[in-house]
Amino acid sequence: MEPPRQNFGNHLLIALPALRDRYFERSVTLICQHDADGAMGIVVNRASEYTVGEVLRQMGIASEDSALQAQAVLAGGPVHPERGFVLHDGGQPYDSSLAVGDGLYLTTSRDVLEAMARGEGPPQALLALGCAGWGAGQLEQELLDDSWLLAPNRADVLFQLPLAQRWQAAAGGIGIDLLNHASHSGHA
């Protein structure tokens, strides 16, 4: 009998200093879904070259909200970089939403962007292009290989802190200072 699998959904995956991957170095990823088939998440601390205003214009969605238009679109991961993902709070149902955790959703349908453009969207939201993905058992192995730290999700890391502060703040929430963390570990 196989032991029960731990579900890492709605947790922050924090790259350890030793992780030298062009895309994931110093990244913070919200794990949105995790099951026996693998995991999927959104990197929440990397700006893309786009603003929300540019994406809305490309989609033909009008908005007069200058703060929304100026908001950075995140580079959510190397998988499906052409696809938009809106990570948001609130209880409003949209056409294609996945419940990530208590009051936290990942929506891929246009209706959430239309609501945001009208000023009727979720209280807190971020738009990302692309996502991160792991095959069955891959994330678990990378955790065993000391590539990542796992921490409870925090709304301030997702929505309030500047992007440059999210990596250290996410680890600090579990008492770890990544700037003073050894770049290697031992196994007994």
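Hydrogens, waters and symmetry mates are skipped; everything else that's a heavy atom, side chains included, is used. A quick note: this is a predicted structure, and the numbers were derived from the prediction, not measured.
- N45 contributes a side-chain N or O that, together with a main-chain N or O of V28, makes up a donor-acceptor pair within less than 3.5 Å.
- Linking ILVMFWY side-chain heavy atoms closer than 4.5 Å, directly or via other members, places F85 and I61 in two distinct hydrophobic clusters.
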Worksheet item: When you look at I14 and I176, which way does the side-chain contact (heavy atoms from CB on, under 4.5 Å) test go after all the steps?
Response: CA-CA 11 Å; I14 306 157; I176 295 179; over 6 Å; no
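- Note: the hydrophobic cluster containing V157 does not contain Y105 (ILVMFWY, side chain heavy atoms under 4.5 Å, direct or indirect links).
- Between the CG atom in N7 and the NE2 atom in H34 there is a gap of 6.5 Å [rounded to 0.5 Å].
- L179 and I174 fall within a single hydrophobic cluster, where Ile, Leu, Val, Met, Phe, Trp and Tyr side chains are chained together by heavy-atom contacts under 4.5 Å.
- Nearest approach of F159 to Q124, heavy atoms of both residues: CB-OE1, 3.4 Å.
- L56 CG to E114 CD: the interatomic distance, rounded to the nearest 0.5 Å, is 9.5 Å.
- More than 12 heavy atoms of other residues, nucleotides or ligands lie within 6.0 Å of CG in D21, so this atom counts as buried by the packing criterion.
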Worksheet entry | CA sep, side-chain torsions, deciding dist, call: V43, L74, side-chain contact (heavy atoms from CB on, under 4.5 Å) | CA-CA 8 Å; V43 176; L74 300 182; over 6 Å; no
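- Under a hydrophobic clustering in which Ile, Leu, Val, Met, Phe, Trp and Tyr are joined whenever their side-chain heavy atoms come within less than 4.5 Å, directly or via other members, Y23 and W148 fall into the same cluster.
- Annotation: the span from Q6 atom CD to L143 atom CG amounts to 9.0 Å, rounded to 0.5 Å.
- With rounding to the nearest 0.5 angstrom, the CG atom of L150 is 7.5 Å from the CG atom of L139.
- Rounded to the nearest 0.5 angstrom, E82 CD and L129 CG are separated by 9.0 Å.
- Distance CG/L126 to CG/L158: 6.5 Å, rounded to 0.5 Å.
- At most 12 non-hydrogen atoms from other residues, nucleotides or ligands lie less than 6.0 angstrom from OH of Y50.
- Looking only at side-chain heavy atoms (C-beta outward), S63 and Q69 come within less than 4.5 Å of each other.
- Residues A171 and L149 approach most closely at CB-CD1, 4.2 Å, considering heavy atoms.
- The main-chain N or O of T51 is found under 3.5 Å from a side-chain atom of E54 such that the two form a donor-acceptor pair.
- Between the D89 side chain and the G103 main chain, no donor and acceptor come within less than 3.5 Å of each other.
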Worksheet item: Step by step, would you call E140 with E142 a side-chain contact (heavy atoms from CB on, under 4.5 Å)?
Response: CA-CA 6 Å; E140 293 84 347; E142 290 182 14; over 6 Å; no
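- Inter-residue side-chain proximity for L104 and C32 is flagged as unmet; no heavy-atom pair is nearer than 4.5 Å.
- Closest approach of L161 and A169 over heavy atoms only: CD1-CB, 3.4 Å.
- Checked by atom type and distance alone, the side chain of R166 pairs as donor or acceptor with a backbone atom of V44 at under 3.5 Å.
- Within a 6.0 Å radius of CZ in R26, no more than 12 heavy atoms belonging to other residues, nucleotides or ligands are found.
- Nearest heavy atoms, S96 versus S109: N-OG, 3.1 Å.
- The side chain to side chain donor-acceptor pair (under 3.5 Å) test with S97 singles out one residue from D111, T107, T108, and that residue is T107.
- A donor-acceptor contact shorter than 3.5 Å is absent between the side chain of S27 and the backbone of T29.
- Counting heavy-atom neighbours within 6.0 Å of E64 CD, excluding the residue itself, gives a total of 12 or less.
- Judged purely by atom type and a 3.5 angstrom limit, Q168 uses its side chain to pair as donor or acceptor with the backbone of L178.
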Worksheet item: Given L30 and L106, is the side-chain contact (heavy atoms from CB on, under 4.5 Å) satisfied, shown in steps?
Response: CA-CA 10 Å; L30 175 70; L106 184 67; over 6 Å; no
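- Contact record, A36 with A136: O-CB, 3.3 Å, taken as the closest heavy-atom pair.
- Relative orientation of the F24 and W134 rings is tilted, given thresholds of 30° and 60° on the angle between their planes.
- With hydrophobic clusters built from ILVMFWY side chains whose heavy atoms lie under 4.5 angstrom apart, L127 shares a cluster with L68.
- In this structure, V86 and M116 approach most closely via the heavy-atom pair CG1-SD, 4.0 Å.
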